[in-house]
Protein chains: 2
Amino acid sequence: MEPTATVLDLNQLRRSCSSCALHELCLPAGIDADDLNRLDAAVKDKRMLDRGAMLYREGDRFDALYVVRSGSLKSFVQNEAGDMQILAFHLPGEIIGFDALASNQHVSQAEALERSSICEQPYAHLQRVTSEVPALHRQLMRVISREVVEEHRHLMVMGRQQAQEQLATFLKSVADRHQRLQRDSTTLNLSMSRYDIANYLGLVVETVSRLFSRMEEMGVLEVNRKSVRILRPDLLAGLCRTGAMSKQKDAG
Amino acid sequence: MEPTATVLDLNQLRRSCSSCALHELCLPAGIDADDLNRLDAAVKDKRMLDRGAMLYREGDRFDALYVVRSGSLKSFVQNEAGDMQILAFHLPGEIIGFDALASNQHVSQAEALERSSICEQPYAHLQRVTSEVPALHRQLMRVISREVVEEHRHLMVMGRQQAQEQLATFLKSVADRHQRLQRDSTTLNLSMSRYDIANYLGLVVETVSRLFSRMEEMGVLEVNRKSVRILRPDLLAGLCRTGAMSKQKDAG
DNA sequence: CGGGGTCTTGATCGTCTTCAATAAAAGTGG
DNA sequence: CCACTTTTATTGAAGACGATCAAGACCCCG
């Protein structure tokens with residue numbers, strides 16, 4: 001759509017973390033310039049991934065955490081039958097790879113949804129730096145914790161909300177993350193396919209497509225393939241709430 | 001149901017970890033007697049929880065991991081509206097509390113499903129011991145990793161399977177965990193209510209009840225309230241498989 | 001023994017899925 | 001660059017699965 005983005009990425013690629021446009025969003029939040037430089041030194045390289053390319057596969061040895069600089073990815077698991085379940089979408093500034101922290105090898109897979117620039121943080125280095133810089137360690141823990149909370153939220157959405165609420169919640173989530181990136185949070189460019197969205201929510205693609213159309217009719221959205229404009233953020237927020245009847249609320 | 005269990009618990013309560021019937025199932029797997037004693041010293045106390053009692057609540061400061069000695073618990077999250085989503089059930093030998101590891105405070109809640117005996121491992125001590133005993137550290141990491149994998153599996157079940165497959169998978173999971181405990185894996189005593197099972201799977205209680213009846217008619221189970229006997233483990237295993245049509249399999 | 005919570009079962013309804021067809025976009029190769 | 005195929009998205013019609021509403025049975029606890 002806009003070639004500007006690509007050009008920007010290429011420029012950023014040359015720069016170090018301290019000048020990274022995302023540096024306040026990922027690990028270094030609340031960390032001074034000195035600490036930042038030490039972290040910077042640990043960065044191995046900045047990889048480019050084409051659409052469909054895998055960042056890591058299940059079983060891969062764990063040797064780094066990854067920060068999305070530009071583009072986006074999906075992470076997912078597969079069962080014996082090959083069924084895929086998408087766990088999360090990852091936007092710029094977000095960190096991937098935590099799934100391998102405990103066992104030292106990945107238990108999920110990550111694939112680029114579009115041409116993406118990835119910043120690789122070798123874990124051995126990162127570990128050394130975080131042990132020396134308590135602030136960085138706390139920040140890393142905070143990010144991991146957010147990850148856990150996010151998984152809980154995903155389960156809650158799948159378990160207790162119905163399709164329209166689910167899609168509304170998903171869109172709001174993407175919009176909120178755009179906002180944190182100081183981007184226009186009303187004009188979303190969804191890099192993932194309808195299939196991916198459906199899979200993530202536990203629905204089929206037709207249902208998702210219909211919901212987009214319905215929310216457009218309601219005047220909440222303006223949908224054009226990948227491009228979704230949120231016309232009424234207030235209404236969208238309302239659609240997220242599990243309306244009156246849901247399954248069960250608090251159990252005694 | 002059987003007072004024998006309660007008596008056993010009371011006896012075990014007096015004993016240390018090294019004589020704990022579950023010791024090979026939880027942390028100390030693959031750890032020699034010497035190491036075990038050091039771990040033993042770290043155990044603060046063994047708590048009893050009545051049915052409905054909370055082990056920890058959201059926001060509680062993190063200060064220990066807990067091992068279920070007997071009984072069982074559920075862990076869950078709640079949203080602003082008070083809707084509950086059960087994340088997991090915890091059987092004897094299983095460890096709870098990992099959700100707080102990163103942020104140092106719990107982001108979910110744990111409640112006893114029946115009178116349960118809990119072994120408390122103060123984290124400060126545990127940390128000291130694991131740093132001195134690499135084998136224990138690895139074992140802890142392995143357990144955490146299993147937790148992550150389990151959450152992925154939960155998402156997969158909720159997202160891609162239909163009701164009957166979900167319940168079959170749930171039952172098989174409980175049976176498998178019974179087997180690891182060297183218990184009779186064909187006679188389950190489900191401590192959680194139908195409401196809890198339904199909530200865990202993202203269904204309503206009536207659906208779960210009907211599915212139990214249906215699987216009984218099929219000759220797979222013999223159901224009597226909380227007591228479920230698996231007559232045909234082979235058929236049950238078959239019911240777990242997402243039969244032919246599901247939502248979407250592997251995406252290209 | 002009564003009463004509240006749990007569980008089961010039935011009837012009906014609605015949401016989401018399935019199947020099918022079309023359209024638009026993107027990728028492919030001459 | 002344009003036919004060609006393939007993938008992705010939309011829409012319709014029909015059907016199924018699970019939810020909802022309602023009633024009754026059962027169980028446990030005071």
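So you know, we letter chains A, B, ... as the sequences are listed, proteins then strands, and number each from 1.
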Would you tell me if any nitrogen or oxygen in the side chain of B:Arg225 comes within less than 4.0 Å of OP1 or OP2 on D:dC26? no

Terminal axis angle for the helix from C:dC1-D:dG30 to C:dG30-D:dC1, five pairs an end, nearest 10 degrees: 50°

Contact list for residues 211-233 of chain A, test salt bridge (Lys or Arg N to Asp or Glu O under 4.0 Å), sequence neighbours left out: A:Arg232-A:Asp234

Hits for salt bridge (Lys or Arg N to Asp or Glu O under 4.0 Å) against B:Arg210, two or more places apart or cross-chain, chain-then-number order -> none

Distances for protein N/O vs nucleotides 9-11 of chain C N/O pairs under 3.5 angstrom?
residue: C:dT9; atom: OP2; partner: B:Ser213; partner atom: OG; Å: 2.2
residue: C:dG10; atom: N7; partner: B:Arg210; partner atom: NH1; Å: 2.8
residue: C:dG10; atom: O6; partner: B:Arg210; partner atom: NH2; Å: 3.2
residue: C:dA11; atom: N6; partner: B:Arg210; partner atom: NH2; Å: 3.4

Would you tell me whether B:His106 and B:Asp99 have side-chain atoms, one donor and one acceptor, within less than 3.5 Å of each other? yes

Applying side-chain contact (heavy atoms from CB on, under 4.5 Å), name anything that partners A:Gln109, two or more places apart in sequence or on another chain. A:Met54, A:Arg57, A:Glu58, A:Phe76, A:Gln78

Only pairs at least two apart or in different chains count here, so list each ring-ring contact (aromatic ring centres under 6.0 Å, His included) that has a residue in residues 196-234 of chain A. A:Phe89-A:Tyr200, A:His154-A:Tyr200, A:Phe170-A:Tyr200

Find the distance A:Gln162:CD to C:dT17:P and express it as a whole number of Å. 12 Å

Closer than 4.0 Å, any side-chain N/O of A:Lys226 to the OP1 or OP2 of C:dA25? no

Rounded to whole Å, how long is the line connecting atom CG of A:Leu190 with atom C1' of C:dA25? 16 Å

Between A:Thr242 and A:Gln161, what is the shortest heavy-atom contact and its length? N-NE2, 4.4 Å

A:Gln85: which of B:Arg160, B:His152, B:Arg153 passes side chain to side chain donor-acceptor pair (under 3.5 Å): B:Arg160

